[in-house]
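Reading through the C-alpha cells given below for one structure.
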Amino acid sequence: MKRILFFLVAASLCAAVSASAQEGYVPSAENLAARERFAGDRFGIFIHWGLYAQPGRGEWVMQQQNIDYREYARLANSFYPSKFDARAWVRAIKAGGARYITITSRHHDGFSLFRSAATPYNAVDGTPFGRDILAELAEACREEGIRLHFYYSHVDWGRLDYWPRGRTGLGTGRPEGNAGDWAHYQEFMKAQLTELLTQYGPVGAIWFDGVWDHDAEPREAQPAIWGLYDQYALIHRLQPGCLVGNNHHLDPFPGEDIQIFEKDVPGENEAGFSGGQGISRLPLETCQTMNNSWGYNITDRSYKSADDLIRYLARTAAKGANLLLNIGPRPDGTLPDEALERLAEIGRWLSVNGDSIYGTQAGDIEEQPWGVSSRKGKVLYLHLFRPVESLQLELAEKVRSVAFLADGKPLPFTQKKGMVSLTIPSSADATPDRVIAITFR
Ligand code: H79
C-alpha cells in the first residue's frame with residue numbers, strides 16, 4: 001500500500017499535466033496514415049542487441065544470473081562488434097521481405113545503443129567501439145527504404161533511481177534501503193525518448209516493454225506509475241506520425257496506436273502472456289522468436305524451420321496482425337547464419353506470394369485443418385498448409401475466378417447457393433504454404 005502511494009504521488013505530479021490530453025486522445029491525420037501503412041507492412045524484423053550478446057545467454061542474463069550491475073557494466077569495455085555493418089543487416093532484412101526493423105534502443109539491462117546525453121552508459125560514450133548503432137542503422141534504413149522502430153525498456157535493472165524495484169532485477173546488487181528517485185527516472189526516460197525522436201529522422205514507432213514489472217499494482221494504476229500519458233504526449237508532439245505501442249500484456253491505454261501480443265497470434269495464449277488482453281480495433285502486432293531466445297544465445301539451436309515461420313507469418317496475417325520476427329545478432333555484430341538462412345527463405349516465398357500477406361486483412365474463413373485465409377479487396381487468399389484434393393467453402397459473394405497465386409494457373413470451381421467447390425490438382429513443387437486466390441465479382 002505504501003508502495004502504491006509512493007508511485008501515485010511521485011508519478012501523478014508529472015503525469016497530471018498531459019494525462020487529460022492523452023485520455024481524450026484523438027490521433028492526428030498523420031498518425032492515422034502511419035497506422036494504415038503499418039498495418040499494410042505485415043512483416044517486420046525485431047533486433048535484440050546489447051551488451052548481453054557477449055555472455056551469449058539471452059537478454060535476461062543479468063537478472064537470471066544475478067549479476068551485480070557494476071560488474072555487468074564492465075561488458076561495455078569489451079563492446080567492440082568489429083563486423084557490425086548496418087547496411088548488410090538492412091539488405092538481408094529487406095531481401096527477407098520485411099518492411100520495418102524494430103531495434104532495442106535500450107533493454108532492461110539499461111545499456112543504450114545510441115548517443116545519449118542522459119547517461120554515459122551508451123555505445124558511443126561508454127565503449128571502445130564509440131559508434132552510434134542507431135545512427136548507422138537509421139542511415140542504412142533510409143537508403144534501403146525500410147522503416148525504423150525503437151524498442152524502449154521501462155524496466156532498468158541497474159539504475160539506483162529505478163526504485164522501488166518491481167518483480168525483476170532484485171539480485172543485481174542495488175543496496176537495500178536505497179531511497180531511489182522515481183521522478184528523476186521519469187525525467188531520464190523522457191530525455192532519452194526526446195533524443196530518439198530528434199536524432200534519427202522519422203521513427204516509425206516506439207515500442208515500450210516492462211510495465212509488467214509492477215503488475216502487483218492494478219491495471220488502472222499503471223499509466224500514473226510509469227508516466228505513460230506524459231511519454232505518449234511527448235512522442236506525438238515530437239513526431240505525430242510515430243506510433244506508440246506497449247508490450248504490457250494488457251488492454252491498450254489511451255494514446256497507444258498499435259496493440260502488441262507477445263509470442264502468440266491475437267486471440268491465442270499458448271505462451272501465457274496474453275490472458276489479460278482482448279483484441280482491440282488498433283493495428284495488431286505479434287512478436288515472436290526464431291529460436292527460443294530474443295538476445296543472442298550461443299547454445300540455443302532450437303530454431304523453428306523456415307517453413308514453420310512462413311506458416312506463422314500467414315497465420316498472423318490471417319488474424320489481421322503483423323509479425324515482428326526476432327533476430328539476436330552475435331557479439332561481433334553479425335546476424336547468426338541460422339537467422340540469415342531463414343530470412344532468405346521467407347524472402348523467396350514472399351517474392352512469389354507477397355500479395356497474400358502485404359496489405360491484407362483477416363480472411364473470411366476461420367483457421368481450418370487445411371490452413372488459413374487472408375483478404376485484400378475483392379480477393380480472398382487461401383493458404384494451404386497441407387495437400388488437399390478438394391474444398392467446400394461457404395461464400396456469400398459471387399466468385400469470378402480461382403487461381404494459384406504463384407503461377408496464375410486457374411482452378412476449376414463450381415458455385416451453388418453460396419457453396420463453392422474447388423478441385424485442387426496436386427503439385428510437385430514443395431512449398432510450406434500454397435496460396436489460392438479467389439476473386440469475387
Ligand atoms: O524483450 C523481450 C523480453 O526480454 C521481454 N519482452 C520481449 C519482447 C520479456 N521477457 N519476458 N517477458 C517479456 C515476459 C514477462 C514475464 C513476466 Fe514475469 C511474467 C513478468 C512478470 C510476470 C517472469 C515471471 C518475470 C517475472 C515473473
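In this chain, numbering begins with 1 at the start of the sequence shown. Just so you know, ligand 1 is whichever comes first in the structure, and atom 1 is the first atom listed for that ligand.
Side-chain contact annotation: Trp212 with Asp209, donor-acceptor N/O pair under 3.5 Å present.
A salt bridge does not link Asp85 to Arg87: none of the charged side-chain nitrogens sits closer than 4.0 Å to a carboxylate oxygen. Of the charged side-chain nitrogens involved, at least one lies within less than 4.0 Å of a carboxylate oxygen, so that Arg106 and Asp156 count as a salt-bridged pair.
Protein heavy atoms are found inside the 4.0 Å sphere centred on atom 3 (C) of ligand 1. Inside a 4.0 Å radius of atom 16 (C) of ligand 1 there is at least one protein heavy atom.
Contacts of Asn247 with ligand 1, taken as heavy-atom pairs under 4.0 Å, involve the side chain alone.
Between the choices Glu262, Gln288, His248, the shortest heavy-atom distance to atom 7 (C) of ligand 1 belongs to Glu262.
For ligand 1, none of its N or O atoms has an N or O atom of Asp215 under 3.5 Å away. Checked by distance only, ligand 1 and Trp212 stay at 3.5 Å or farther apart across all their nitrogen or oxygen atoms. Between His249 and ligand 1, not a single N/O pair is under 3.5 Å apart. Residue-to-ligand polar distances keep Trp207 apart from ligand 1: every N/O pair is separated by 3.5 Å or more. Considering backbone and side-chain atoms alike, Arg167 places every N or O at 3.5 Å or more from each N or O of ligand 1.
Classified by interplanar angle (parallel below 30°, tilted 30° to 60°, perpendicular above 60°), the ring pair Tyr151/Phe46 is tilted. Between Tyr162 and Tyr185, the two ring planes are perpendicular [angle over 60°; tilted spans 30° to 60°].
How far CZ of Arg342 is from OG of Ser305: 7.5 Å, rounded to the nearest 0.5 Å.
Under a 4.0 angstrom heavy-atom cut-off, Gln63 registers as lying outside contact with ligand 1.
For ligand 1, the atoms closer than 4.0 angstrom to any heavy atom of Tyr151 are 1 (O).
For the pair Asn291/Arg301, no side-chain contact is recorded, criterion being any heavy-atom separation below 4.5 Å from C-beta on.
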